[in-house]
**Q** 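Below is the structure I would like to discuss, written out as structure tokens.
Just so it is clear, the model here is predicted, and its values are computed rather than measured. In what follows, every chain begins at residue 1, and chains take the letters A, B, ... in the order their sequences are listed.
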Amino acid sequence: MTIHATECLLRMHDEHHALEDYQSGVPRWCTGCGDNAILAAVQRLCRDEDLRPEKTVFVSGIGCSSRFPHYMKTYGFHGIHGRALPVAEGIKMARPDLTVFVNTGDGDCCSIGAAHWIHAIRYNMNMTVMLHDNQIYGLTKMQASPTSPRGLKSNTTPRGSYLDGLQPLTVTLGVQNASFVAQAVDWIPEVLYDILLAAYRHKGFSFVRILQRCPEWLPKMLDPWVHDPLKTLLLTHEDGVTLSPNLSKVYKTQERHDPSNINRAREIASLADPIPVGILYRNPNVPCYEDLRNAGQQRSTRYIKSGLDAEFDKFTIWPQDADSKVQPSA
Amino acid sequence: MTIHATECLLRMHDEHHALEDYQSGVPRWCTGCGDNAILAAVQRLCRDEDLRPEKTVFVSGIGCSSRFPHYMKTYGFHGIHGRALPVAEGIKMARPDLTVFVNTGDGDCCSIGAAHWIHAIRYNMNMTVMLHDNQIYGLTKMQASPTSPRGLKSNTTPRGSYLDGLQPLTVTLGVQNASFVAQAVDWIPEVLYDILLAAYRHKGFSFVRILQRCPEWLPKMLDPWVHDPLKTLLLTHEDGVTLSPNLSKVYKTQERHDPSNINRAREIASLADPIPVGILYRNPNVPCYEDLRNAGQQRSTRYIKSGLDAEFDKFTIWPQDADSKVQPSA
Amino acid sequence: MNGTTAQVLVKPRLRANKAAQTVPDGKAVTTLSEHIVEIVSDSGEGAQRCGQSLGAIAARMGNGVWTVEIIPAEIRPPARSVAGGSGNRIRLGSGRVTNGGNETDLVIAFNEQVLLGRVRTGALKEGCSILLESMWRESRDPKIAASYIETHDQLVAAGFKVIEIPMERECRLVVGDAKRGKNMFALGMLCNIYSFDLQLGREQIARTFGKKDASVIATNVKLLDAGYEWAEKNLDFKYCIPAVRSTEPQVVLDGNTALALGVLASGMEVCAMYPITPATSVSHYLSSVFEKVGGIVHQAEDEIAACTFAVGASYAGKCAVTITSGPGYSLKQEAIGLAVMGEIPLVVINVQRGGPSTGLPTKVEQGDLMTAIFGSHGDAPKVVIAPGTIEDCFYSVITARKIAETFNMVVIVLSDASLATSQQPFPRPQFSEAWLAPPIDQSEIPGGLKPYDWNPVTGLARRFIPGQPGGVHTLTGLAHDTLSHVAYDPESNESGIRARSHKLAALQKTLKTPSVFGDAKGDLLVVGWGSTKGAIEEAVTSLRAKGHKVSSLHLTFLQPMAPGIDEIMKRFKKVITIEGNWSDDPRDEIVDKNNRRYSALAILLRSRFLIDVDCWSEVRGQPIKPNTIERVLLEKMKK
Amino acid sequence: MNGTTAQVLVKPRLRANKAAQTVPDGKAVTTLSEHIVEIVSDSGEGAQRCGQSLGAIAARMGNGVWTVEIIPAEIRPPARSVAGGSGNRIRLGSGRVTNGGNETDLVIAFNEQVLLGRVRTGALKEGCSILLESMWRESRDPKIAASYIETHDQLVAAGFKVIEIPMERECRLVVGDAKRGKNMFALGMLCNIYSFDLQLGREQIARTFGKKDASVIATNVKLLDAGYEWAEKNLDFKYCIPAVRSTEPQVVLDGNTALALGVLASGMEVCAMYPITPATSVSHYLSSVFEKVGGIVHQAEDEIAACTFAVGASYAGKCAVTITSGPGYSLKQEAIGLAVMGEIPLVVINVQRGGPSTGLPTKVEQGDLMTAIFGSHGDAPKVVIAPGTIEDCFYSVITARKIAETFNMVVIVLSDASLATSQQPFPRPQFSEAWLAPPIDQSEIPGGLKPYDWNPVTGLARRFIPGQPGGVHTLTGLAHDTLSHVAYDPESNESGIRARSHKLAALQKTLKTPSVFGDAKGDLLVVGWGSTKGAIEEAVTSLRAKGHKVSSLHLTFLQPMAPGIDEIMKRFKKVITIEGNWSDDPRDEIVDKNNRRYSALAILLRSRFLIDVDCWSEVRGQPIKPNTIERVLLEKMKK
Ligand SMILES: Cc1ncc(C[n+]2csc(CCOP(=O)(O)OP(=O)(O)O)c2C)c(N)n1
Ligand SMILES: Cc1ncc(C[n+]2csc(CCOP(=O)(O)OP(=O)(O)O)c2C)c(N)n1
Ligand code: SF4
Ligand code: SF4
Ligand SMILES: [Mg+2]
Ligand SMILES: [Mg+2]
């Protein structure tokens, strides 16, 4: 998401912020939980982009990942399961001057929240959305989620889950008005940061699926990818993310992918192994719903009164009417 | 959807049915409503495939199109808005021996029902789904729907709708486990029939988006396509639909498309003009959820009793226990 | 068949009209205190416009008016079908008219089938006058002609005063396509019948067709005049309903338009909704005007999104509103609970329709009171108010917004399908700045203040709005302490629930005891809420006129309830609620005192005041008629 | 610090133990009628298994047992954290134990921080005995050592009998990794303290580790024995709770397992759910066993899908069940309304948790009764029942299924977080074919029968199931006539609503008046429902023992209510409900009779019987303690 002009002006009078200015409380996630890495990247982002804490809102649903706002020293809305997106939309529509982030889990977004997810992509409101995809229901103690790989043993699928996992990227890319779609992993912090930064700077609905480790319920599941860099396909492009020399040495499986190519983006999105990491698609020209609706107008009392009077006139019967014998405007 | 072997056996003892055996009441749709054409095609299908009325269920939500089951002389479930698919899934899971059809509107399926839609595709249960897409909320008197084209003037968008229409085909093709995706139009009955037949015969979740005219609220909207055959791209293939010589003469814009090619299917799905008509994608090898769950087992009382006893044993403390002094199995 | 025979057919029966006293030109003019007239046609023939125009004219004459739409069940019903009638029902009175009244006195029908529909729903008074388009008699389609004659004769046999009128033919003398203009011809006849100033009719046409070109207006005026003259010549009866022209400007609105204007006047800026009958027309109108004052109507993907969108907007700025009806209201339960827990101001408008489930989408019921109060898991106290008149619809939204932001609570406004589509004139509201929501507070929060600094007595706490420096915190739907930190300890949970509950008590202390309609004491007190107000008070008035000691009490606040209600009830021998929702009839075989299910308000009153409040209710999808209520009350008093 | 000092520290304090009478070997054995013991550790240290094993052993000894899980708020809380304690609380008794009881008498804690957590929630009895792992004293981390010593001294100062025990060290004498085995060492100590047959302990270990290889069992038995001997040697106190071994087989289950087994036993075949605490464990267990008897657990994409999936399955076959908790229950309101309208049998299990909104996910509350009864728009009558014991949990599901299919109604089963996680032994149910759902009727429907042939008195109609020849019709959520055709006319709507309402009356006629606990008449009657049953009856028993004329009444059917309840209440001077939901405290400054908000059951009883039923309730996320109830009742009787 980009920053409003007005924001920039205000900024100039601002003192700069340090990391601590965005840190609140001690995260209660399990040690080794991928959410910690995401939190670190986001706090860094806020500091580097010097966001004003009181003008920033983190919105979430319910889940381990949805505890995120509590650990940010900004405004936060820790709502109900599956509804983070419509809440965030309401906030953005009422207050386009606020910077909005959304943290949502794979159950929160892709299961109970799926309808809102599809439509949020359509609305393309200016916000940054992080899908914390640990492929499991964490908080409720290990039930299969829509993104769980087939055969995953969980408390509701003791003999293994029945269906192939839903691929959030292909779904997102299938929806009209998708404007920013990326994938990151919690264990490559540098790229995670770069992707989140690009997402934040994109004006529109920036959707970042983050493969997030859940050591509590799925201790080893992502190890093959964590341990073998070759199983990660890094998408590089001057309009996307570019890799540091060091990273380039480690992650040799790379593809130069132009984020404006949706057909190729959809093909890449379908890849399961190696897993793509980077910006799959970006289209800066999709209008934002809040702009189409002229959100955030200033309204004076006189303005409202005149509008109201104009409406009442349409329905008013004036006492003198009955006497006025003017010919109809015919 | 294909028919169960058992069904076939039962069939043999059946008398054949006539159209009237599937017709119930006088449809209350507006004259010229595309739903009438869909009803005619479906009744023909039932007759030709000789479905047993008492073993057939039409499930719908709420909307003009959801009145469909009332006009079929079969079992019908006219439920609540947006929930036709989960109801149909429950029916199929409890009774795989029943033949299930679903009639749903663009609001019913793509707006309030969107989450169920996405997941129904994943489950890939054996049913035929007709999306009556008139690109408007008909029953509630003309509000924009997710599939309404941008700029459409409606009662909730008097200055024109704000967003480009959602494309149900690209969304469906973005979902894991999609196994049958087609598009038809109400004004080419012959092709509509062929597509529905193919959908019915496909074992799995057969999704057919039908462009349906709503003369009441959008009298002229689809006229350009109705009147100019060249604006329709007919997808032909020996594994898809093949055109009669007559139709071929009229609809000259054609593409030979192999329904097994998903990448091309996704590209075709994105086409707005000419509009594709035919089978975009079919994969007969996606397993059905009800089969993965062994739905429809026969269960004897003894079977249940023994299962229950086995469980109770795990939690039982026998009176003699305390006295038995056997060494632990160590 | 030609006009003359029509008159031959008509005249004798008309002469029978006793109440009429003959005037010089042989025309009978009957003075009436009130009259109910209906005009019904196939949809598309413009009966609705005719009715609305008549209502406007009558209002401008100074008559009391209550108009009700007659809506077909289907979108586009087949022509000449019993269920397909579309039109308007207008109750005219000398004084103020507060409800749709009883059966209809006079009907104009464009064909006999739509007329039959009205007869079958029992809308028409025995032996009432029917002005019937006679063209069908000569229909080329023998089936049509036959059915027309059959129906006509049945109605005559049933004692209706059927007056056949060749409207089509008469109109054709004025315009080419008669079908289009018939409604204005009918309007002309009605102006004549009710002795309305024809000039007002002409002006009304000028208003309605204002945007169209002059020729359109001219033709319609011609038709109006034609109808007026035809009636003058051919009908030998005429009515006069004495009117007192009001000295102040009046607005004529239906309840949904009034609600929409209330949203405008409340200064709210965001309305999030999902279409549902009969609530949608609020949003239709709002969509066309809200943007003019900087507001936004957002049609969400479903009701849950609509409600949570509104919650988000409220949280971040001014109180927002979400509008729905029964099924949508049920879907919003969890989201409403979140607003209650987070103490986010929110206005929820529920335009009630027949339930349960999809029920009767276009018809009236008062079935959602209990779910409005108790309908979310855990303890989720909300304010519930219900408008009783069209005027109330307007002001209730303003009140709701104010309460919502003063107490940081959810306020439910319960309207219904009857108020939604009825029109009634009321004094044009005088704009007041006090109506509007204050601008969003972005000032710095003084150090030390906590987001949930619950007042130990009232439970109130200052609301923190994003953008306010020093106010950063994370709102949560989980149990939380005064810092809005998630807290699972017994004290935090208890004190949060107490605070949210006590806010209701705090509001209750500010409410005024409602005033009794009729004497302060007597034999029977009728308690009601919502759209039945007018009918109840009319029944009470009539009974009192007959010497019965009956009074009524109307409750606008259902939760919390104003103080003093028990004292009022205690002054009457019997108390009964009249409601448009279900209650078991004690006379039914299987019903006894241990299992009888009471009406919503009766349950609430009985439980709070331990007074044996009886109830009578109806769920017939129709507004409850004053004379039905009168009958019921008489029976109850006998016992 | 070494063992001897530990004993030095311990002994003197122990000598102080008065109740004890010395026996030959200088060991004091105290006979008790009941005792509450807790074992708490960091999660992962196995305190839970130790507690469950102790419960099982006690049950096999023939003692009454009630075990409650101690669950940390977070998934994986940091080690040695106050909020992170995990373990078990076991109430042991001579006779049957019906609830968790009051404060704890004896605690074994693996570190002082988790112990602190228990102290702070007020779980421990004043001056109770604490067996505390002493290793922390010598922790290499000075902070830890300091905090240990500080806490230890505070507890001693606070009058607790702190007994430091070098468990880690002692275990290391037996196994390498002591951390893993400590829990079995503790189990050994407890077997000794409570004079349990050690052999039962060994067998219990054999059961729990049955699947693992023999060596594992051997090591754990060694630890058990070690703990037993250590206690024998070093503790100079010992308890004995006389037990009567039951002659019939018992099952030890928690409420959620009992519910799941009830689903099995009811013959239902489809359970559709969406995960939510504290209901999910029902589905966890069901998922592992349901398929073995041909059943299916479907985890849907959300609660609305879960409920409509169940509705579809019920419609097409046998009655299905959906399981949830508060937030999910709110989301299901519209779908439940559809089942009511279509008269589709459906069982909905709501394992209540703290509300409103997300509230207290893991904690107990009885906050959903009103929304269970009134929580869907329009008139949506459902049956509402609530289990009061673990045993009830099992049978209530069977009853619910039966009622649902007999009356074609929705039956809500209200359990709660307390029943969900508590364990209690009860007689092993004897399988009966009558429990099971009949096979799906696929016979031909006799000609002329209609899908909604409502019985004029009872409202009952035969259910048509897809596959039945001659039964084809379209079920609809819209108002409909007996043919299931959409009908908007007043009569159809009214008769449909009447039929659905009267089915409740028909069921009510079949219910038996519940029996009073205590005398049939007296000064005070306590009425309750659900999981508070045991605590209420215990309090009543104790008060009666002290000579107070108190009795209690437990209601299993909340809607409809059994006949005869009013007669029972009238025999007492005062009636009060005790509930785990919110009610305003009349003593609070802002609360008065006009605005006081009553508890759910109190509202229902007051409204139906016009008796001045008082209420006292608590929403502290904890089971209500018997002595709290006793205190409250005493106060109420003073007034
Ligand atoms: C309406 C509702 N349904 C269900 C729940 C229970 N619940 C809480 S979090 C959650 C899913 C958690 O999974 P995910 O969204 O992937 O987040 P994670 O914990 O994995 O980060 C569920 C089902 C709830 N709180 N509310
Ligand atoms: C829960 C709920 N919300 C809203 C409605 C109102 N409603 C009925 S049909 C409909 C949408 C109709 O549009 P569509 O699904 O496209 O069907 P169509 O009438 O166009 O065939 C709506 C919003 C409802 N009945 N229930
Ligand atoms: S359970 Fe998994 S997702 Fe949740 S905090 Fe622990 S590791 Fe993270
Ligand atoms: S409104 Fe449109 S969709 Fe509905 S019946 Fe009429 S034409 Fe068909
Ligand atoms: Mg997850
Ligand atoms: Mg539509």
**Q** Considering all heavy atoms of both residues, which atom of I276(C) and which atom of G328(C) are nearest to each other, and what is their separation?
**A**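 Residues I276(C) and G328(C), closest heavy atoms: CD1-N, 3.9 Å.
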
**Q** Can you list everything that forms a salt bridge (Lys or Arg N to Asp or Glu O under 4.0 Å) with D566(D)? Sequence neighbours excluded, please.
**A** K593(C), K570(D)

**Q** If I take atom OG from residue S376(D) and atom CG from residue L331(C), how far apart are they, to the nearest 0.5 angstrom?
**A** 9.0 Å

**Q** Report which part of T362(D) has an atom under 4.5 Å of a heavy atom belonging to chain C: side chain, backbone, both, or neither.
**A** neither

**Q** Quick check on the interface: out of A83(D), A505(D), A372(D), P361(D), who has the most heavy-atom pairs with chain C under 4.5 Å?
**A**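 The residue among A83(D), A505(D), A372(D), P361(D) with the greatest pair count is A505(D).
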
**Q** Using non-hydrogen atoms only, which part of R500(C) is less than 4.5 Å away from chain D: side chain, backbone, both, or neither?
**A**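 Only the side chain of R500(C) comes within 4.5 Å of chain D.
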
**Q** If we define contacts as heavy-atom pairs under 4.5 Å, which of H480(D), Q622(D), E589(D) has the most with chain C?
**A**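 With the most close heavy-atom pairs to chain C, the winner is E589(D).
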
**Q** On a heavy-atom basis, which atom in P514(D) and which in I568(D) lie closest, and how many Å separate them?
**A**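 So the minimum-distance heavy-atom pair works out to O-CD1, 3.6 Å.
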
**Q** With chain C as the partner, which of M561(D), R498(D), R353(D) has the greatest number of non-hydrogen pairs under 4.5 Å?
**A** R498(D)

**Q** Using a cut-off of under 4.5 Å on heavy-atom pairs, state which of M341(C), M370(C), R597(C), E334(C) scores highest against chain D.
**A**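 Result: the option with the highest number of such pairs is R597(C).
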
**Q** For the interface with chain D, which of G355(C), A602(C), P490(C), P563(C) has the highest count of heavy-atom pairs at distances below 4.5 Å?
**A** P490(C)

**Q** In terms of heavy-atom pairs under 4.5 Å, which option from A479(C), S325(C), S357(C), G378(C) contacts chain D the most?
**A**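 When all of A479(C), S325(C), S357(C), G378(C) are compared, S357(C) has the most.
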
**Q** For chain C, which of T371(D), D368(D), I336(D) has the most heavy-atom pairs under 4.5 Å?
**A** T371(D)

**Q** Given that the side chain runs from C-beta out, which part of E365(D) has a heavy atom under 4.5 Å from chain C: side chain, backbone, both or neither?
**A** side chain

**Q** Counting only heavy atoms closer than 4.5 Å, note whether L504(C) contacts chain D via side chain, backbone, both or neither.
**A** side chain

**Q** Give the intermediate values and the outcome of side-chain contact (heavy atoms from CB on, under 4.5 Å) for residues L346(C) and V311(C).
**A** CA-CA 7 Å; L346(C) 178 70; V311(C) 165; 4.0 Å; yes

**Q** What part of E494(C) is in contact with chain D, defined as an atom under 4.5 angstrom from a non-hydrogen atom: side chain, backbone, both or neither?
**A** both

**Q** Flag the pair C307(D) / L338(D) as yes when at least one side-chain heavy-atom distance between them is below 4.5 Å, and no otherwise.
**A**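 No; the side chains remain at least 4.5 Å from each other.
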
**Q** Applying the salt bridge (Lys or Arg N to Asp or Glu O under 4.0 Å) criterion to R596(C), which one of D585(C), D584(C), D588(C), D614(C) satisfies it?
**A**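 Passing option: D614(C).
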
**Q** In Å, rounded to the nearest 0.5 Å, how long is the span from OG of S599(D) to CG of L605(D)?
**A**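 Answer rounded to 0.5 Å: 11.0 Å.
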
**Q** Taking C-beta and beyond as the side chain, do L360(D) and Y488(C) meet within less than 4.5 Å on heavy atoms?
**A** yes

**Q** At a heavy-atom separation under 4.5 Å, does P456(C) approach chain D through its side chain, its backbone, both, or neither?
**A**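 For P456(C), there is no contact with chain D at all, as no heavy atom is under 4.5 Å.
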
**Q** Under a 4.5 Å heavy-atom cutoff, which of T458(D), I373(D), N350(D), D592(D) has the most pairs with chain C?
**A** D592(D)

**Q** Apply side-chain contact (heavy atoms from CB on, under 4.5 Å) to residues R118(D) and I70(D) and explain how you reach the verdict.
**A** CA-CA 9 Å; R118(D) 300 302 298 162; I70(D) 297 166; 3.8 Å; yes

**Q** With a 4.5 angstrom heavy-atom cut-off, is it the side chain or the backbone of Q508(C) that approaches chain D, or both, or neither?
**A**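 When you check distances to chain D, only side chain atoms of Q508(C) fall under 4.5 Å.
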
**Q** Working to the nearest 0.5 angstrom, can you tell me the gap between I603(C) CD1 and Y598(C) OH?
**A** 9.5 Å

**Q** Does any backbone or side-chain atom of Y329(C) lie under 4.5 Å from a heavy atom of chain D? Answer side chain, backbone, both or neither.
**A**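 Neither part.
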
**Q** Check whether K503(D) reaches the backbone of F407(D) with its side chain - one donor and one acceptor, N or O, closer than 3.5 Å.
**A** yes

**Q** Could you look at I304(C) and say if it's the side chain, the backbone, both or neither that has a heavy atom under 4.5 Å from chain D?
**A** side chain

**Q** Flag the one option from G354(C), G337(C), G359(C) with the top tally of heavy-atom pairs under 4.5 Å to chain D.
**A** G359(C)

**Q** Go through it in stages, so that I can follow the logic: the residues are T476(C) and T358(D), the test is side-chain contact (heavy atoms from CB on, under 4.5 Å), and I'd like the CA-CA distance, side-chain angles, deciding distance and then a yes or no.
**A** CA-CA 8 Å; T476(C) 178; T358(D) 313; over 6 Å; no

**Q** Test side-chain contact (heavy atoms from CB on, under 4.5 Å) on E579(D) and E618(D); report intermediate values, then the result.
**A** CA-CA 7 Å; E579(D) 305 179 59; E618(D) 200 178 61; over 6 Å; no

**Q** Based on non-hydrogen pairs under 4.5 Å, which of T121(D), D489(D), D612(D), V591(D) is most in contact with chain C?
**A**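 Counting heavy-atom pairs under 4.5 Å, the top option is D612(D).
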
**Q** Is the closest side-chain donor-acceptor distance between S501(D) and W582(C) under 3.5 Å?
**A**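 A pair is found: one side chain offers a donor N or O, the other an acceptor, under 3.5 Å apart.
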
**Q** Between A506(C), G459(C), S492(C), P381(C), which shows the greatest number of heavy-atom pairs under 4.5 Å with chain D?
**A**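 Top count of heavy-atom pairs under 4.5 Å with chain D: P381(C).
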
**Q** Given that the side chain runs from C-beta out, which part of I590(D) has a heavy atom under 4.5 Å from chain C: side chain, backbone, both or neither?
**A**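 Answer is both: backbone and side chain atoms of I590(D) are under 4.5 Å from chain C.
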
**Q** Chain D heavy atoms under 4.5 Å from P560(C): which part of the residue, side chain, backbone, both or neither?
**A**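 It is neither, since no heavy atom gets under 4.5 Å.
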
**Q** Answer with side chain, backbone, both or neither: which region of E303(C) has an atom nearer than 4.5 Å to a non-hydrogen atom of chain D?
**A**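 Neither part, no heavy atoms under 4.5 Å.
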
**Q** Quick check for you: among G621(C), G367(C), G477(C), which has the greatest number of heavy-atom pairs under 4.5 Å with chain D?
**A** G477(C)

**Q** Between A487(C) and chain D, with a heavy-atom cut-off of 4.5 Å, which part of the residue counts as in contact: side chain, backbone, both or neither?
**A** backbone

